[in-house]
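Along the sequence shown, the residues carry numbers beginning at 1.
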Amino acid sequence: ILQFASVSFLRVTRIARLFRMGKILRAFRVVRFLRSIRSMLISISGSLLHLLSAILVLCLFMFVVSLVLMQGISGDIQPSSGARSLEHLDDKDTIEEIANLYGSLPKTMMTLFLTVSGGLEWG
């Protein structure tokens, strides 16, 4: 009986070793998965500076275009002598809408962004 117990104990330890080996192999799979995540995070952090510079250029471009639009529209809304104006429009709602969309620099930039990104209809 003692010999049978030692043989069964050896079988249990072998099975336990196999389970341990399986856990180790699973750990290697997780490390391989984490290696790819680490690689992706390194790539994202490396391209973050390029993303921020592209956003800065986009904002600068929108700022300049907004200034040009505001300059042209403000001359039409508040007519001076001999300048073209929106006075031929009898519809006060149109003039109010133009003033709401292009009344200040932040509003003009937001209108330009919404128009470009598809959040505001052109027509």
Roughly how far apart are [X] [atom1] and [Y] [atom2], rounded to 0.5 Å?
| X | Y | atom1 | atom2 | value |
| --- | --- | --- | --- | --- |
| R38 | L41 | CZ | CG | 9.5 Å |
| E97 | Y102 | CD | OH | 9.0 Å |
| N100 | T111 | CG | OG1 | 9.5 Å |
| K107 | L101 | NZ | CG | 8.5 Å |

Please tabulate, one pair per line, all N/O donor-acceptor pairs under 3.5 Å involving side-chain atoms of residues 57-69, not counting sequence neighbours.
unit_1: S66; atom_1: OG; unit_2: M62; atom_2: O; d: 2.7

**Prompt:** Who else is in the cluster with I42 when I, L, V, M, F, W and Y are joined by side-chain contacts under 4.5 Å?
**Reply:**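 ILVMFWY cluster around I42 holds nothing else.
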Would you mind listing the cluster partners of L51? Hydrophobic ones only (ILVMFWY), side-chain contacts under 4.5 Å, chaining allowed.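 When side chains under 4.5 Å apart are linked, the cluster holding L51 also contains L48, I55.
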Requested in this report: Measure the shortest side-chain to side-chain distance between M109 and L112 over non-hydrogen atoms and say whether it is less than 4.5 angstrom.
Outcome: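 No - every pair of side-chain heavy atoms lies 4.5 Å or more apart.
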